[in-house]
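Data block below; observations after.
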Amino acid sequence: MEPISIIVGTTEIPWKSILLVLSVMAAFFLSYSLYTAHKGGRIGMWLWAPPAVFLSLFFCRALYWYCNREQYNDFSAAIRDYTPDGFAMLGIVPAVVLAAVFIRLIRLAKSLPAMLDAIAPGISLGMGLSYLMCLFDIRCRGKVVVSTPVFCHLPFSAPMTMPQGGVEYRFATFFIGFLVMLGIMKLCMEFYAARSEEKGCTAALFLLLYSASGFILDSTRYDAGYFPFNGFVSVLQIFAGLSILGLAIGFCVRLLKRRGFVWYVIPWWVAMLLSMGATGYLEYLVQRYGDRYLLLYSLMALSCLAMVLLVYVIYALGRKKAETVEETEEQPQEPEPEKTAAAEENTVAVTAAENDAEEEEENPAVVPAGLAAVSAVLAALGFSALLFSKKKKE
């Protein structure tokens, strides 16, 4: 029986419904506070919330129906289901973006990327709390059955009542997802506080981290959603791959526009494609050799980390550094013409030299991050090849 929190007459309110409402409220108020603290419009955020909630419910239910059509008679039956079950959380992403686009179109937001930057940490928090709804049912568990008693509890595993009777402990994907989304929220808030003037970058960071982590988490689920024509790679994994590739292309184009063609773009793309290929190959291996899930998921985490670092590297290389303006001493009321002309020439020369130095200067933090990413890619490929060769010999 589903845990019920409130009973009023014949009306029963489950704990999942209360948690869902609290998740939405937490997401909104965090986004609202960040947006208004950075001179965003209050009215725009209040008007953004209703369409964001409505579209989220619609897209989440529609996507779940598309991946699990056998559970409903038709699409209208799925939409009319008002229970807090049967939602694909991925639908939240396009919903909040479309709602923000609407607010921008009616001119209640000055900048769409700036609004999405403030929304990103709140959506991370809301999605993380929404994962906890699965504590009250059997959704979002892993394929792996945990039999070691020391790991038969959260955050490692959660009980699951089987249809034939009995209870078994499965990997607690929902709780790990909750912890991961809280970590993403923290990173997005720190990034937003440091670089709020770089409009759109915090939202891109959220999309990057959500895609990379979601690829692994969805791989562990026994109830992941798949397209009807594809039962190998889930919908979230396809979305994650396309999102990371799109971010890589976008940041690479920005780099080339700013610096022109640079030689390190070629090895960077080689490393990027290798990391994406290694991630897909490891997903194939984990489905074929499920008994080696611990090693394979560890390698998949490395390859996903490599993708994140590589995208961040190309972002950092193409980032336009903030120009620091030094305050000069007050000039006399009647400056001499000769001194004024000399000062202007000196200022022009210094500015040109600084611009030339800025074009040639490289961010020192990019080098170790790039080396770590490439090392992770090579490690994932090497271990995958070794594992596959050993299995093939057996």
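In this chain, numbering begins with 1 at the start of the sequence shown.
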Between [X] (side chain) and [Y] (backbone), is there a donor-acceptor pair under 3.5 Å?
X      : Y      : value
Trp65  : Ile79  : no
Arg170 : Gly142 : yes
Asn68  : Gln71  : no
Asp223 : Arg139 : no
Gln237 : Ser234 : yes

**Message:** Using side-chain contact (heavy atoms from CB on, under 4.5 Å), reason through Val180 and Tyr131 one step at a time and then give a plain yes or no.
**Reply:** CA-CA 10 Å; Val180 168; Tyr131 268 118; over 6 Å; no
Is the shortest heavy-atom distance from the side chain of [X] to the side chain of [Y] under 4.5 Å?
X      : Y      : answer
Tyr210 : Leu90  : yes
Tyr264 : Leu317 : yes
Ser243 : Leu208 : no
Leu299 : Leu285 : no
Met272 : Leu245 : no
Thr220 : Val144 : no
His38  : Tyr192 : yes
Met300 : Phe215 : yes

**Worked check of side-chain contact (heavy atoms from CB on, under 4.5 Å) between Trp48 and Val53** = CA-CA 9 Å; Trp48 166 82; Val53 172; over 6 Å; no
Under 4.5 Å between side-chain heavy atoms, hopping through other hydrophobics if needed: is there a path connecting [X] to [Y]?
X      : Y      : answer
Leu182 : Met25  : yes
Val167 : Val150 : no
Ile123 : Leu247 : yes
Tyr169 : Phe174 : no
Tyr72  : Tyr226 : no

**Message:** Thr202 vs Ser196, test: side-chain contact (heavy atoms from CB on, under 4.5 Å). Steps then yes/no.
**Reply:** CA-CA 8 Å; Thr202 304; Ser196 59; over 6 Å; no
**Request:** Kindly assign one of parallel, tilted or perpendicular to the pair Phe191 and Tyr312, based on the angle between their ring planes and the thresholds 30° and 60°.
**Result:** perpendicular
**Message:** Under a 3.5 Å cutoff, is there a donor and acceptor pairing between the side chains of Ser275 and Ser303?
**Reply:** no
**Asked** Between Tyr297 and Ser219, do the side chains contain an N or O donor and an N or O acceptor separated by less than 3.5 Å?
**Response** yes
**Item:** SB check Glu197 Arg195 (cutoff 4.0 Å)
**Value:** no
**Asked** Between Asp137 and Lys16, is there a salt bridge with N-O shorter than 4.0 Å?
**Response**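 Answer for the salt bridge query: yes.
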[atom2] on [Y] to [atom1] on [X], rounded to 0.5 Å:
X      : Y      : atom1 : atom2 : answer
Leu207 : Leu116 : CG    : CG    : 10.5 Å
Met276 : Leu274 : CE    : CG    : 11.5 Å
Phe54  : Leu98  : CZ    : CG    : 12.0 Å
Lys110 : Lys199 : NZ    : NZ    : 9.5 Å
Leu135 : Cys140 : CG    : SG    : 11.5 Å
Cys134 : Leu19  : SG    : CG    : 9.5 Å

Closest non-hydrogen atom pair, [X] against [Y]:
X      : Y      : result
Ala99  : Leu55  : N-CD1, 4.2 Å
Leu129 : Ser23  : CB-OG, 3.2 Å
Phe239 : Ser211 : CE2-OG, 4.2 Å
Leu34  : Pro121 : CD1-CG, 3.6 Å
Ser130 : Met89  : CB-CE, 3.9 Å
Val308 : Ala212 : CG2-CB, 3.5 Å

**Request:** Establish, yes or no, whether the cationic atom of Arg141 lies under 6.0 Å from the six-membered ring centre of Phe171 and within 45° of the ring axis.
**Result:**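 No - Arg141 does not lie over the ring of Phe171 by the 6.0 Å and 45° rule.
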**Prompt:** Taking the six-membered ring of Phe87, is NZ or CZ of Arg61 closer than 6.0 Å to its centre and within 45° of its axis?
**Reply:**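 Geometry flag: set, cation within 6.0 Å and 45°.
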[atom1]/[X]: more than 12 non-hydrogen atoms of other groups inside 6.0 Å:
X      : atom1 : value
Met189 : CE    : no
Asp74  : CG    : yes
Ile43  : CD1   : no

**Request:** May I ask you to check whether Phe251 and Tyr315 place their ring centers less than 6.0 Å from one another?
**Result:**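 When the ring centroids of Phe251 and Tyr315 are compared, they turn out to be within the sub-6.0 Å range.
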**Request:** Test side-chain contact (heavy atoms from CB on, under 4.5 Å) on Phe206 and Cys188 and set out the steps.
**Result:** CA-CA 6 Å; Phe206 162 77; Cys188 287; 3.7 Å; yes
**Asked** Considering residues at least two apart in sequence or located in another chain, which fulfil the ring-ring contact (aromatic ring centres under 6.0 Å, His included) criterion with Phe229?
**Response** Phe227
**Asked** What residues form a ring-ring contact (aromatic ring centres under 6.0 Å, His included) with Phe28, not counting sequence neighbours?
**Response** Tyr32, Trp46
**Request:** List for me each residue that meets side-chain contact (heavy atoms from CB on, under 4.5 Å) alongside His153, sequence neighbours excluded, and say none if there are none.
**Result:**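 With sequence neighbours excluded, His153 shows a side-chain contact (heavy atoms from CB on, under 4.5 Å) to Phe156, given in chain and number order.
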